[in-house]
Participant: 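One structure is given below, represented as structure tokens, and several questions about it will come after.
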Amino acid sequence: MLNIDDLKVSLEEEEKQIIRGLSLSIKPGEVHAIMGPNGSGKSTLSSVLAGKDGYVIDSGTVKFDGSDLLEAEVEERAALGIFMAFQYPIEIPGVGNMNFLRTALNSQRKTRGQEELNAADFLKLVRGIAKDLEISEEMMRRPVNVGASGGEKKRNEILQMCLLEPRFVILDETDSGLDVDAMKLVSKGVNNFSSSSRSFLVITHYQRLLNYIVPDFVHIMVDGRIVKTGDKTLALHVEETGYKDFLQLGKEKN
Amino acid sequence: MTDNYQVRDAIDKETLSTVRSVGDTYKYGFSTDIETEYAPLGLNEDIVKLISKKNNEPKWMLDWRLKAFNRWKKLKQPDWALLKIPEIDFQDQYYYARPANMKEKPKSLDEVDPKLLETYSKLGIPLTEQKKLAGVIEENHEDKSENRKVAVDAVFDSVSVGTTFKEELKSAGVIFCSISEAIKEYPELVKKYLGSVVPISDNFFACLNAAVFSDGSFVYIPKGVRCPMELSTYFRINAENTGQFERTLIIADDNSYVSYLEGCTAPQRDESQLHAAVVELVILDDAEIKYSTVQNWFPGDENGVGGIYNFVTKRADCRGRNSKVMWTQVETGSAITWKYPSCVLKGDNSSGEFYSIAITNNMQQADTGTKMIHLGKNTNSRIVSKGISAGKAQNTYRGLVQIGGRSQNSRNFTQCDSLLIGNKCGAHTVPYIEVNNSSARAEHEATTSKVDEDQLFYCMQRGIGEEDAVALIVNGFCKEVLQALPMEFAMEAQKLVAISLEGSVG
Ligand SMILES: Nc1ncnc2c1ncn2[C@@H]1O[C@H](COP(=O)(O)OP(=O)(O)OP(=O)(O)O)[C@@H](O)[C@H]1O
Ligand SMILES: [Mg+2]
């Protein structure tokens with residue numbers, strides 16, 4: 001589904017390479033976790049995959065279903081089924097959640113040549129998802145993320161995911177800021193959503209999340225590269241000993 | 001940006017998906033090929049007399065006009081606004097144009113030239129007594145809107161071509177007709193109130209209007225009557241090189257209520273055209289007027305060629321106790337906008353509100369705002385202004401809040417937000433605050449922000465195209481004002497916001 005080959009990415013503003021030769025291959029149905037110290041480039045990788053401005057691709061390729069992902073516009077990638085749950089979800093004052101969700105869903109459907117969902121079907125769909133995630137009606141009437149707590153914002157991201165039904169999901173520290181119960185709710189949401197045709201890239205600092213969302217692979221990212229790949233036990237190792245074993249690996253590759 | 005937004009469902013349900021279907025450039029730029037009768041070019045006493053004659057006016061009206069004309073000759077065009085106004089040759093304009101076959105005013109809508117009816121229907125304003133304005137009611141709104149009626153007075157160039165629902169309104173005691181008709185049919189009302197809010201020599205453009213206004217709308221709501229439907233006037237400039245000078249007079253007698261809408265468009269032409277209107281609102285004891293405008297005159301092309309010069313004087317006189325007025329305006333069109341709908345709060349406990357969205361894109365310039373003149377005791381005013389600039393446009397909010405010495409315990413609150421799209425445009429805020437009573441209070445808040453890259457990226461990551469994302473964010477920014485509009489207009493206005501900003505990103 002997704003193939004990243006020796007990707008190198010710098011910032012547009014300053015001459016600083018953040019992603020420094022990263023390769024990763026994700027097949028349909030797989031769950032990949034990425035762990036790594038602060039500033040190692042995890043969020044940058046997510047942003048580059050989603051198509052955010054401000055980066056220069058120095059070299060390497062990213063293929064999605066075999067075609068060049070880096071060529072596609074942000075909203076085209078979304079319509080292809082790429083979804084990124086933001087580490088810091090954005091507030092949009094004055095724009096109601098419902099309006100936002102419906103606009104997003106219908107835009108994607110339109111791009112894919114599908115018919116728009118009418119208001120009644122849409123409402124039914126959203127209400128069902130909100131209920132599963134225990135998001136209140138009152139919350140749904142608010143402007144997008146405005147006045148929401150950190151945890152509420154994260155739940156809202158998962159609601160958007162469930163509604164938009166992407167095939168490739170990046171969860172960028174979705175667990176940070178969630179209380180224990182919310183973490184279970186969100187994990188349940190993700191697990192119910194997962195299928196043999198959907199893939200996940202889960203960025204996290206905590207092994208705990210991976211007890212709920214069980215990864216097929218765990219990658220350690222240091223200095224813009226994947227320096228180690230293993231199974232879920234690798235996350236346990238990180239939890240116990242931190243990244244000190246891996247920092248050295250990052251340097252060696254330099 | 002402020003975070004304190006109240007959300008109302010009515011607007012939430014709207015999606016921007018319809019935006020595309022509305023068209024991608026100025027949608028109303030077509031012109032109607034219709035035989036038009038002009039007064040001779042230029043302006044002099046004879047032209048003023050001719051306009052008066054065309055309207056079969058009584059002598060007192062002609063005298064009033066001539067007085068205005070003589071005053072106007074001595075006035076100078078104001079230059080204090082932050083506007084670059086190309087020199088206007090007032091002798092190189094036509095001051096009167098009407099469709100040739102309107103010589104005899106049609107007695108009923110059935111007699112109106114089908115070409116004119118078609119023009120309005122193309123604009124989404126069918127001149128039939130149907131139940132709602134076409135295309136602006138949203139599907140699936142469970143509101144009573146289905147049954148809401150809107151009466152329309154349609155003004156084409158210099159003349160009113162028809163007014164709908166007149167009979168039904170009459171039975172409620174409401175007078176709604178063209179002002180030319182009112183001058184003949186209700187001279188006492190017109191004499192009593194015309195010029196009583198905006199005097200003849202109030203300002204250069206108002207004075208010009210007083211001399212040459214050709215038509216406009218007249219409304220009288222009698223004591224104790226709540227107008228049974230929305231009233232609206234739809235202005236259309238069609239003729240080339242012709243100014244439109246319309247005059248609107250609305251009187252809300254004691255304890256009455258009316259909501260009034262005004263819409264305007266003009267064809268796309270290379271030559272700029274002048275529009276100088278006057279609107280006078282008279283509000284008596286316990287009465288209320290809501291006046292909403294969606295101004296969509298042709299803005300000129302992206303290089304600033306053509307477009308309407310819009311110089312408008314609008315004023316509400318809250319004469320009575322507890323009288324209330326609310327101005328709401330969405331200004332998206334015109335090459336130049338010079339407009340300050342004002343409230344004179346004379347009556348004790350009277351209140352004035354001003355909600356404004358002004359969007360300027362490309363080469364457009366707007367200098368707009370309001371004046372709140374507090375004279376009575378316990379008077380209240382509220383100003384919410386949202387200015388949006390894109391392209392190379394300039395957008396100025398200019399507002400005066402004046403609280404007089406005898407205006408005990410009066411309050412003003414002003415919120416003035418500017419949003420910039422790109423870095424070649426400008427936003428300016430010019431507040432004048434004069435408080436002459438120690439028990440009174442005026443508060444002013446102002447913000448300037450840019451359309452945020454992160455917000456755009458967030459919307460686009462969810463699949464929303466860039467222009468729709470900008471429209472969505474801007475509509476969010478304007479929400480408080482959009483909510484102040486009657487629902488039919490709110491939908492229309494949201495689409496307009498989107499269209500006006502097309503091409504402003506990327
Ligand atoms: N727009 C930017 N301008 C300047 N520096 C940036 C920018 N974006 C990223 N960086 C830098 O790139 C590096 C990687 O940042 P990134 O946010 O990808 O890290 P991360 O792995 O997600 O960290 P965390 O675990 O703290 O979320 C950091 O040093 C960061 O400061
Ligand atoms: Mg991060």
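Residue numbering restarts at 1 for every chain, and letters A, B, ... go by the order of the sequence lines. Keep in mind that this is a model prediction, so the values were computed, not measured.
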Participant: Counting a contact as any heavy-atom pair under 4.5 Å apart, which residues of residues 151-163 of chain A contact chain B?
Facilitator: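 Result: E157(A), Q160(A).
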Participant: State, to 0.1 Å, how close S107(A) and G463(B) come at their nearest heavy-atom pair, and which atoms those are.
Facilitator: CB-O, 3.2 Å
Participant: Is it the backbone or the side chain of I92(A) that comes under 4.5 Å from a heavy atom of chain B, or both, or neither?
Facilitator: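 Both parts, backbone and side chain.
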Participant: Not counting sequence neighbours, which residues clear ring pair (Phe, Tyr, Trp, His ring centres under 6.0 Å) with H32(A)? List them please.
Facilitator: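 Applying ring pair (Phe, Tyr, Trp, His ring centres under 6.0 Å) to H32(A) gives F217(A), H219(A).
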Participant: Spell out the residues in residues 43-53 of chain A that have some non-hydrogen atom less than 4.5 Å away from a non-hydrogen atom of chain B, in order of number; otherwise answer 'none'.
Facilitator: S47(A), A50(A), G51(A), K52(A)
Participant: Taking atom CG as the centre, does D68(A) end up with more than 12 heavy-atom neighbours from other residues, nucleotides or ligands that are less than 6.0 angstrom away?
Facilitator: yes
Participant: Minimum heavy-atom separation for V95(A) and L472(B), please, with both atom names.
Facilitator: CG2-O, 3.2 Å
Participant: What residues of residues 76-86 of chain A sit under 4.5 Å from chain B when only non-hydrogen atoms are counted?
Facilitator: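 If one takes a 4.5 Å heavy-atom cut-off, the residues of residues 76-86 of chain A near chain B are A78(A), I82(A), F83(A), M84(A), A85(A), F86(A).
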Participant: Could you check if a side-chain atom of P89(A) sits within less than 4.5 angstrom of a side-chain atom of Y458(B), using non-hydrogen atoms only?
Facilitator: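 When only atoms from C-beta onward are counted, Y458(B) and P89(A) do touch, with a gap below 4.5 Å.
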Participant: To the nearest 0.5 Å, what is the distance between CD on Q461(B) and CG on L164(A)?
Facilitator: 8.5 Å
Participant: With distance as the sole test, does Q108(A) use its side chain to make a donor-acceptor pair with the main-chain N or O of R462(B) at under 3.5 Å?
Facilitator: yes
Participant: Hey, does E75(A) have a side-chain heavy atom less than 4.5 Å from the side chain of I464(B)?
Facilitator: no
